[in-house]
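Computed from a prediction, not measured in an experiment: that's the story for all the values here. The analysis underlying the following values was restricted to heavy atoms, covering all of them including side chains, and did not include hydrogens, waters or symmetry mates.
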Amino acid sequence: MLDVLAREYPETPSLLSHRSPFELLIGVILSAQTTDEQVNAVLPALFSRYPGPPELAAAVPAEVEKIIHSVGFFRRKALNIIGAAAHVRDVQGGTIPATMDELVRIPGVGRKSAGVILLHVYDKPAIIVDTHFGRVVRRLGYSDVRDPVRLERDVAAILPPELWNSASMRLNYHGRRYCFARKPACGNCPVAALCPSAGTSG
DNA sequence: ATCCCGAGGG
DNA sequence: CCCTCTGGAT
């Protein structure tokens, strides 16, 4: 059934996907725990003031905090994006790395953000396990673990790599639209009839 | 008032 | 495992 969901759900275009690799990296870091709309609202001012890694790496944190204040977590995010700019400049020669291992060494980039970069910058197959994706997979009965690495292994054993990206995007979309953590909208869910957890809110 | 999300640190 | 950090949703 995971492959059915991966194939038949609507595309959910990322508001960040048309930007340069550097801009996408910074946007992804700012997107943690926030909406793409909130992030997009601050990016023009941010990139106008700090067009690339050298400028952002040299930024004064308090100045960055003012610009990104509305995205939340602004203190750590300001330090993270400045640190990320310094990291790609000093460790990666100014380019955004293309592997999970390298990406997660960038300040503010965890496995979820790294997966988004692999998908949107490099078109690499990636299973992007965020809490929405994991919750849908567990409720459908395809995994029973919380650990993202082990849950990713369970999904990789079921889905061929050519479906990983669409499954990531569409199961995330499904989780956000119907499969709520607290009170899932099973009455509106298109696969409730096939879901072992339908109506149980478990 | 409480929960929800991702990253990072203890 | 535990917890913090913001803002938005309920």
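- Protein atom CZ of A:Arg105 is 17 Å distant from nucleotide atom P of B:dA7, rounded to whole Å.
- No donor-acceptor pair closer than 3.5 Å links the side chain of A:Arg111 to the backbone N or O of A:Val149.
- Counting to the nearest Å, the P atom of C:dG7 and the CD atom of A:Glu65 are 11 Å from each other.
- B:dC4 atom P lies 21 Å from atom CD of A:Gln38, rounded to whole Å.
- The distance between atom CZ of A:Arg76 and atom P of B:dA7, rounded to the nearest whole Å, is 11 Å.
- With rounding to whole Å, A:Asn172 atom CG is found 12 Å from B:dG6 atom C1'.
- Environment of CZ in A:Arg138: crowded, with over 12 heavy atoms of neighbouring residues, nucleotides or ligands closer than 6.0 Å.
- When distances run from any side-chain atom of A:Phe73 to the nucleotides B:dA7, C:dT6, C:dG8, the shortest one goes to C:dT6.
- Among the atoms of the strands shown, only primed sugar atoms or phosphate atoms (P, OP1, OP2) are found under 4.0 Å from some heavy atom of A:Arg135.
- Counting to the nearest Å, the P atom of B:dA7 and the CG atom of A:Leu79 are 17 Å from each other.
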Worked check of salt bridge (charged side-chain N to carboxylate O under 4.0 Å, His left out) between A:Glu63 and A:Lys66: CA-CA 5 Å; A:Glu63 298 295 320; A:Lys66 286 183 203 165; 3.5 Å; yes
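- A:Ile67 and A:Phe73 fall into different hydrophobic clusters, where Ile, Leu, Val, Met, Phe, Trp and Tyr side chains are chained together by heavy-atom contacts under 4.5 Å.
- If you check C:dT6, B:dC4, C:dC5 against the side chain of A:Ala181, the one that comes closest is B:dC4.
- For the OP1/OP2 pair of C:dT6 and a distance below 4.0 Å, the side-chain nitrogens and oxygens of A:Thr34 include no atom meeting the criterion.
- Toward the 5' end of DNA chain B, the nearer of the two residues A:Ile106 and A:Gln33, judged by each one's closest nucleotide, is A:Gln33.
- Atom CZ in A:Arg176 sits roughly 14 Å away from atom P in C:dT10 (whole-Å rounding).
- Of the listed nucleotides (C:dT6, C:dG8, B:dG6), C:dT6 has the atom at the smallest distance from the side chain of A:Arg75.
- Look at CD on A:Glu37: it is 15 Å from C1' on C:dA9, rounded to the nearest Å.
- Counting any heavy atom pair closer than 4.0 Å across all strands shown, A:Asn80 reaches no nucleic acid atom.
- Checked by atom type and distance alone, the side chain of A:Ser31 never pairs as donor or acceptor with a backbone atom of A:Ile29 at under 3.5 Å.
- If you check every strand for non-hydrogen atoms under 4.0 Å, A:Ser113 touches sugar and phosphate atoms only.
- Distance from the side chain of A:His132 is smallest for B:dC5 among the nucleotides B:dC5, C:dG7, B:dA7.
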